[in-house]
Structures are given as C-alpha cells and as structure tokens.
Amino acid sequence: MIKINKKLFRYFDWSIFFSMIAICILGITTIMFANNALETGNFRNTIAQFIILLVALVAFVFVITIDYTTIGSYYKIIYVVTNLLIIAVLLFGREVNGAKAWLGIGPFGIQPSEFAKLSIIIGLSKILEDVDEVNKFEVLKRVAIFVLIPMGLIQLQPDLGTNMIIAVIVLGILFVAGLDMKFIYIPVTILAILIPIAWNLNIIKTYQKHRILVFLNPELDRLGAGYNASMAKLAIASGRFFPKSSFADIIQGNTQLSSGKFIPEAHTDFIFAVFAENWGFLGSIILLILYLNILYKSIKISKVAKDKFGQYLVIGIVTMIGFQIFQNIGMDIGLMPITGIPLPFMSYGGTSLLTNVIAIGLILNVSMRRKKINF
C-alpha cells in the first residue's frame, strides 16, 4: 500500500491539481463533441480518454509518493529504456499519418517519443545539477550528445513536432542554468542559412513545404493544404463571445463546424477550435486562465525548489507544456504553422495525457519537498 507523509501536503498546490483536472474534463467533453458521439453513438475515443485519465491519476499518485531526487537518480535507466522503446518503434511500430511513431501492444498503442520529453527533462536537469559553469565546452558537448541521440531517433520516424518541443525544452533549461546568449544566436544564424539549402535539396518534405507556404499565405490553397487551418479559424471565429448555441445544442453536437463533420483531426490537433466554437470567447478565456494558473504557479515552485535539480526539472516541464499550448492554439488561430503538436490535457491521445499528468506530478513533487520534513 502506498503511503505518504501527510506533512508533505502542506506545500501541495491544489490549484495546479484542480486546474489540471478541470482541463482534462473539458478535454474529454470536447472530444465527445468533436466525434459527434451523442449523434453517432460512438463513444470509443471519449471512453478511452477517460480510462487513460484514471490510469494517469494512478501514475500521478505514484510519482508524488517518491522523492523527486530518487527519481532523478534513475535518469540513466529512464534514458536508456526510452531510447530502446523508440528503436523498437522504428523496427516494429505502425505508421500513422506518414510517421512511424506508434508501438502497438494488442489493441493499444503507445508513443514513446512522448516519454522521451520527460526523459530528457529529468536527465538534463540531473546532468546540470552540479554544473557551476554551463558555458564550458565539455558541458555543452555532454548536453548535445545526451539530447541529440533521442532526437535523431525521433527524426527517423519522422516526428518534427516532438523534436521542436525537445529543442525548446533544452533551450529553456540551459537558459535558466546560465547559458550565454551567443550559444543561441549562433545556431539560429546557422539554421537560417541551412533552411534554404534544405528546402532546395528537398530535405524538407513536400507536405512540410506546403504547411509553411500556406502559413505564410493562407489564401494559397484553402481547399488543399490550407483547408485545416482555414476551417479551424472559421470555427473559432464563429464561437462569438458567449456560447453561440444553447447548452442542449452543445451537448447534442448541433454546431455548424464542430461535431466531427468539417474540421479534420478535430479531436486531436484542432481540439481548441472545437472548444472555442462551442464555448465561445468566454469559455476560451477560462481555459487559458486554467493553463496560465498551472504555468504561473509552477514557475513560483521552481523559485523555491530546494536544489538545482528541482528547479531545472520544473522549468523543463513548464517549457514543455507552455510551448505546446502556444504552438497548438497558435496554429488553430493562424499564428503558427501546423505541426500536429497536441494541446496538453485536451487533445485525444493516451500517451500524451499520461506524460503530461506525470509531469504535473513531478512539479508538485518538487513543491511538496521544498523543505526537509521533520518526523
């Protein structure tokens, strides 16, 4: 039986926990709307997401019972196992939407690249824990090797979206650790030079080129590559200030663009568009407030962490969740190109939900153990 000292809950931030639960519930109901479940009777995705949430909460309880420093001490094992899972995907995984990112286990499937994000956050935080000067060549070389191995494996799938998240996570942790800005300017400059070369040599895939071109010019192909983005923006715009339909209409899926009829991947990539159309600007603001509460309170926790490992761990998770929120909502409203990055706690996807709930567990773990407990 799992036991935890009650004194630890003195620093358990319930507002973060309940914000997470509220968003998860909103996500499950929005998946139901997106799949038009009440009209079709197909609740498969809705039920699956609810079951995964229950599993994730069990994992959450398990994570907060173990001191995060103990979890950190196993970072090498976590790193190796994660990389082996990604290799297994490349060898035995199934291809979905052009990417070999899923490992099938009977009727179920997991996406190990999601776990890789947490693995890198834990491992990188542990590596930098005792580093006084992060700008030394040996330190940066070790960080680069540690990060580029899983990123290289993930790119073989290929999964550019996950690698974007990992890159931002690494930059976020290194920035807090005291990285000199020249180490950011130089790679960005090199990248700016390499992108045109990669474009002309067709290293960038055709569908990726289309996404970029449509992002820069939304009117270029509204019925083709730009269809998803156009419909998402139209759905959000039709949401008005208050919910445009009665509560009964929302429950029944009687909205013009949602309910799984016009928005492709409505329950995953474009779930915010479904939510915004159903609940309007006011509902969207409430959702953003819940997200901002999680991010703001988590940053405060990072500042009172008892050690550098805890601080970097929380910052890495905040960067991960924050970037995914910005990218997903940004692509729905036309501010960012379409990448397929899910909206945390909202988008359908068991591995993503499990990863994010565990991540919140790690943040609260750091908060609970900000001070030594006297028994």
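Reckoned from all heavy atoms, side chains included, excluding hydrogens, waters and symmetry mates. Remember, it's a predicted structure, so these values are computed and weren't measured experimentally. Quick note: residue numbers are just sequence positions, from 1.
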Whether Thr319 side chain and Ile169 backbone form a donor-acceptor pair below 3.5 Å: no
Test item: side-chain donor near acceptor, Asn293 and Ser19, under 3.5 Å: yes
Stepwise side chain to side chain contact (heavy atoms under 4.5 Å, CB included) check, Thr29 with Thr46: CA-CA 8 Å; Thr29 56; Thr46 307; over 6 Å; no
Main-chain N/O of Ser352 paired with Gln111 side-chain donor or acceptor, under 3.5 Å: no
Parallel, tilted or perpendicular, as decided by the 30° and 60° cut-offs, for the rings of Phe33 and Trp279: tilted
Ile64 versus Asn365, closest heavy-atom pair with distance: CA-ND2, 3.9 Å
Any donor-acceptor N or O pair under 3.5 Å, side chains Ser15, Lys297: yes
Flag, side chain of Asn135 to backbone of Asp180, donor-acceptor distance under 3.5 Å: yes
Smallest separation among heavy atoms of Ile16 and Ser298, with atom names: CD1-OG, 3.9 Å
By ring pair (Phe, Tyr, Trp, His ring centres under 6.0 Å) - contacts of Phe326 (at least two apart): none
For the student: nearest non-hydrogen atoms of Thr82 and Phe115, plus distance: CG2-C, 4.1 Å
Exam field: side chain Thr65 to backbone Phe62, donor-acceptor pair closer than 3.5 Å: yes
Stepwise side chain to side chain contact (heavy atoms under 4.5 Å, CB included) test for Val357 and Val63: CA-CA 10 Å; Val357 171; Val63 167; over 6 Å; no
Closest contact, heavy atoms only, Ser302 versus Ile315: OG-CD1, 3.6 Å
Pair Ile363-Leu313, side chain to side chain contact (heavy atoms under 4.5 Å, CB included): steps then yes or no: CA-CA 8 Å; Ile363 290 175; Leu313 183 65; over 6 Å; no
Distance-minimising heavy-atom pair for Gln49 and Ser347: NE2-O, 3.1 Å
Rounded distance (nearest 0.5 Å) linking atom CE of Met164 with atom CE of Met151: 10.5 Å
NZ/NE/NH1/NH2 to OD/OE distance under 4.0 Å, Lys136 and Glu133: no
Asp307 side chain to Tyr68 side chain, donor-acceptor N/O pair below 3.5 angstrom: yes
Transitive ILVMFWY side-chain link Phe183 to Met181, under 4.5 Å: yes
Ring centroid separation Phe146 to Tyr79 under 6.0 Å: yes
Donor-acceptor contact below 3.5 Å, side chain Glu277 vs main chain Phe272: no
Side chain Ser367, main chain Tyr11, donor-acceptor under 3.5 Å: yes
Side-chain donor or acceptor of Ser73 paired with backbone N/O of Thr70 under 3.5 Å: yes
Shortest non-hydrogen separation from Thr351 to Ile110 and the atoms involved: OG1-CA, 3.4 Å
Set of ring pair (Phe, Tyr, Trp, His ring centres under 6.0 Å) partners for Tyr291, sequence neighbours left out: none
